[in-house]
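Notes to accompany the following structure.
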Amino acid sequence: MCGVASRRKAESIIESNKVSINGKIAKLTDKVDDEIDVVTIKGKVIKPFTHEYYILNKPKNVVSTTSDDKNRPTVVDYVKSKVKLNVVGRLDFDTTGLVLLTNDGDLIYKITHPKSHVAKTYLLTVSGTVTADQVNRLKQGVNIGGYKTQKAKIENIQTIEDKTTFEITIFEGKNQQIKRMCEAAGLHFLYLERLAIGDLTLQGLKSGHSKQFTKEEIYKFF
Ligand code: URA
């Protein structure tokens with residue numbers, strides 16, 4: 001619970017006398033009250049952490065990593081948390097929309113494991129019109145650099161003036177998948193916004209705004 005080691009490894013660390021409770025070497029049978037007792041490993045204080053969950057409507061020109069060597073704004077700048085968060089399913093610098101941030105490794109695994117096939121829905125804007133054949137190709141799968149994409153869902157196609165927007169749902173997450181699918185289908189990509197991950201939507205959040213969830217609330221979506 002302190003992010004130090006697995007349960008089994010923790011037992012062997014305790015058995016090697018490296019753990020103390022209030023200055024006294026700990027035994028496997030000891031119990032602690034984490035509100036009162038001070039637990040150390042080799043003299044360093046450790047504390048249990050709780051899992052935190054946030055969604056963010058990521059603005060354009062923000063990186064989805066938690067730090068950036070070019071000093072660009074990152075998604076964690078938009079979330080008020082003292083814990084180290086990870087981003088579930090990154091978005092490109094120029095892509096906007098739903099990002100999930102958490103320190104819960106089990107949830108990250110559940111959502112991102114290729115076998116989970118969690119749906120990701122995007123609002124895509126391309127230039128010009130889109131033919132029935134192009135829609136079909138996107139739906140059935142296109143070749144992106146030697147990989148044939150799995151079946152996708154396309155809904156709400158609307159052409160206004162010189163642009164077409166539609167919702168596209170994919171059940172996998174290859175790097176820059178939507179942009180590469182556009183290229184493979186001969187579409188000129190303009191904008192991309194993620195609307196949902198599974199049943200979790202943006203919930204009316206404005207760009208740059210975030211919302212915290214409890215564990216119970218977030219797990220209902222996955
Ligand atoms: N597909 C892309 O091409 N970019 C994203 O940011 C997300 C999905």
Side-chain angles (χ1 to χ4, degrees), residues 54-70 72-79 85-102 107-128 130 134-158 163-203 205-210 221-222:
Y54 300 86
I55 64 166
L56 166 71
N57 187 347
K58 177 182 127 30
K60 213 175 169 157
N61 301 340
V62 171
V63 287
S64 282
T65 46
T66 49
S67 66
D68 184 55
D69 49 12
K70 294 188 197 128
R72 294 174 295 184
T74 78
V75 285
V76 288
D77 297 339
Y78 289 85
V79 174
L85 297 168
N86 290 300
V87 188
V88 186
R90 294 178 182 179
L91 292 178
D92 295 336
F93 190 57
D94 60 348
T95 302
T96 61
L98 182 65
V99 166
L100 177 60
L101 296 120
T102 183
L107 184 67
I108 297 173
Y109 183 82
K110 199 168 177 189
I111 296 174
T112 57
H113 193 279
K115 287 209 176 114
S116 331
H117 300 294
V118 172
K120 266 93 45 184
T121 302
Y122 297 87
L123 181 67
L124 172 62
T125 308
V126 295
S127 57
V130 177
Q134 285 171 316
V135 170
N136 244 338
R137 285 170 62 199
L138 290 174
K139 275 188 181 169
Q140 294 307 318
V142 284
N143 192 320
I144 53 166
Y147 172 79
K148 185 166 180 259
T149 56
Q150 292 169 19
K151 284 206 162 85
K153 244 169 56 185
I154 308 261
E155 287 168 314
N156 299 332
I157 306 173
Q158 281 189 318
K163 294 186 187 95
T164 301
T165 63
F166 56 91
E167 284 174 29
I168 177 166
T169 302
I170 56 173
F171 302 87
E172 54 188 339
K174 302 281 171 211
N175 189 29
Q176 299 204 310
Q177 181 161 339
I178 303 289
K179 288 178 186 166
R180 288 158 74 201
M181 286 172 76
C182 283
E183 201 182 342
L187 293 169
H188 183 250
F189 165 87
L190 291 176
Y191 317 109
L192 189 63
E193 177 184 16
R194 183 153 61 201
L195 304 176
I197 304 173
D199 291 332
L200 178 65
T201 64
L202 272 169
Q203 328 225 345
L205 274 186
K206 292 200 189 96
S207 175
H209 287 238
S210 65
F221 292 105
F222 300 104

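Residue indices begin at 1 and follow the sequence shown. Here the structure is a predicted model, which is why all the values come from computation and not from measurement. In each ligand, atom 1 is the first atom listed, and ligand 1 is the first ligand listed.
When the options I111, V88, N86 are evaluated for a side-chain contact (heavy atoms from CB on, under 4.5 Å) with T102, the one that passes is V88.
Taking all atoms of both residues into account, the shortest heavy-atom contact from Q203 to F221 is NE2-CZ, 3.7 Å.
With 3.5 Å as the limit, one finds a donor-acceptor pair spanning the side chains of Y147 and E172.
The line from CG of L202 to CG of L195 is 6.5 Å long, rounded to the nearest 0.5 Å. Atoms NZ and CG, from K60 and L192 in turn, are 10.5 Å apart once rounded to the nearest 0.5 Å.
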Identify all N/O pairs between ligand 1 and the protein with a separation under 3.5 Å and present them as a table of atom names and distances.
from, atom 1, to, atom 2, distance (Å)
ligand 1, 1 (N), I178, N, 3.2
ligand 1, 3 (O), Q176, O, 3.3
ligand 1, 3 (O), I178, N, 3.4
ligand 1, 3 (O), K179, N, 3.0
ligand 1, 4 (N), D92, OD2, 2.8
ligand 1, 6 (O), D92, N, 2.8
ligand 1, 6 (O), D92, OD2, 3.4
ligand 1, 6 (O), T95, OG1, 3.0

Table please: side-chain donor-acceptor pairs of residues 180-188 below 3.5 Å, with sequence neighbours left out.
from, atom 1, to, atom 2, distance (Å)
R180, NH1, N175, O, 2.5
H188, ND1, S127, OG, 3.0

